[in-house]
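Worksheet for the structure shown next.
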Amino acid sequence: MTEHEAHRPYPALTDEPDIVKFVRVDATHYPGEYAPEAYDPRTAQKVYAEVIEEAVEAEALGWDGFFFTEHHFDAWSLAPSPHLLLAALAMKTSQMRLGTGVHILPVHDPVRLAEEAGMLDVLSGGRLEVGLGRGNFQFELDRFTAPAAESVARFDEHLDVFTKALRSNRFTYDGNWTKVRKPSTVYPRPMQSSLPVWIGAT
């Protein structure tokens, strides 16, 4: 293997389907007491430093990818914004795939999420894998502005907006929750011609 080949990004996880891929999905658990009054930001800082170090080591050992979950309102997970952690990994790694497992799509602005995905794909040199889901914790959905009862319909619409925003120039959208009245283009455009999108389900 040449030095150039050693630093070439790994192919998308859907490529080479006959080859088993090894991917870590990390929830960045808070190891301290979960009560809000017991929270220590220095412990959280240590969690982030350790998970970044683990990702660097995983790449060195040949792992194919490193994904972060998205959760809210509970110290069980310290990843309300997986993209922030993935941006840090993009600066520390060069080959393995980076992804979300998953974004809670009904609670996001899908256009803003598409912009961030494009930016992260560029920052990572075309290594982003996008995981999207409806969310599996009712207590999270209950705490966002969007009613939990709308989560299925919002997921469907937001998925449509997200994919149009990434794949279309000068797109418009007239949905129940998303209105893009003026022709719009997401910048930066992803490096990959088509971002791999995964849908989480139970």
Legend entry - Derivation of the side chain to side chain donor-acceptor pair (under 3.5 Å) call for Y173 and D160: CA-CA 9 Å; Y173 202 89; D160 192 34; 2.8 Å; yes
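- Of the charged side-chain nitrogens involved, none lies within less than 4.0 Å of a carboxylate oxygen, so that E59 and K92 do not count as a salt-bridged pair.
- Within the 4.5 Å cutoff, the side chain of L128 has no heavy atoms near those of the P190 side chain.
- Remark: the R170 side chain and the T185 side chain contain no N/O donor-acceptor pair separated by less than 3.5 Å.
- Among all heavy-atom pairs drawn from G125 and P9, the shortest one is O-CG, 4.0 Å.
- Between V180 and K164, every side-chain heavy-atom pair lies at or beyond the 4.5 Å cut-off.
- By the 4.5 Å heavy-atom criterion applied to side chains, L113 and L132 are counted as neighbours.
- Annotation for T69 and S77: closest pair OG1-OG, 4.0 Å, computed over non-hydrogen atoms.
- Two residues are said to be in side-chain contact when any heavy atoms from C-beta on lie closer than 4.5 Å; L78 and H29 fail this criterion.
- Between Y34 and Y30, the angle of the ring planes lies from 30° to 60°, which puts this pair in the tilted group.
- Between F137 and W76, some side-chain heavy-atom pair lies under the 4.5 Å cut-off.
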Inset, instruction - Decide side-chain contact (heavy atoms from CB on, under 4.5 Å) for V161 and W177; before the verdict, give the C-alpha distance in whole Å, the side-chain angles of both, and the deciding distance to 0.1 Å. - result: CA-CA 10 Å; V161 176; W177 299 284; over 6 Å; no
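- In this structure, M96 and Y10 approach most closely via the heavy-atom pair CA-CD1, 3.8 Å.
- More than 12 heavy atoms of other residues, nucleotides or ligands sit less than 6.0 Å from atom CD of E150.
- Between F66 and V23, the closest side-chain pair of non-hydrogen atoms is not below 4.5 Å.
- Heavy atoms only, all atoms of each residue included: T93 and A55 are closest at CG2-O, 4.4 Å.
- Taking both residues in full, the closest heavy atoms of T100 and P82 are given as CG2-CB, 3.8 Å, listed atom of the first, atom of the second, then distance.
- Judged purely by distance below 3.5 Å, without hydrogens or angles, the side chains of E129 and W198 pair a donor atom with an acceptor atom.
- When every heavy atom of N136 is checked against every heavy atom of H71, the shortest pair comes out as OD1-CE1, 3.6 Å.
- A salt bridge is defined here as a Lys NZ or Arg NE, NH1 or NH2 lying under 4.0 Å from an Asp or Glu carboxylate O, and D121 with R127 fails to meet this definition.
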Legend entry - H108/H103 under ring-ring contact (aromatic ring centres under 6.0 Å, His included): CA gap, chis, key distance, verdict: CA-CA 8 Å; H108 282 281; H103 282 302; 5.4 Å; yes
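- Side-chain contact between R167 and S194 is present, with at least one heavy-atom pair separated by less than 4.5 Å.
- The shortest side-chain heavy-atom distance between F155 and V107 does not fall under the 4.5 Å cut-off.
- Applying the 6.0 Å contact sphere to CD of E53 captures no more than 12 heavy atoms from other residues, nucleotides or ligands.
- Checking E116 against H83 by side-chain atom types alone, a donor-acceptor pair falls below 3.5 Å.
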Inset, instruction - Could you walk me through whether F73 and F144 pass ring-ring contact (aromatic ring centres under 6.0 Å, His included), step by step? - result: CA-CA 10 Å; F73 312 115; F144 281 99; 5.3 Å; yes
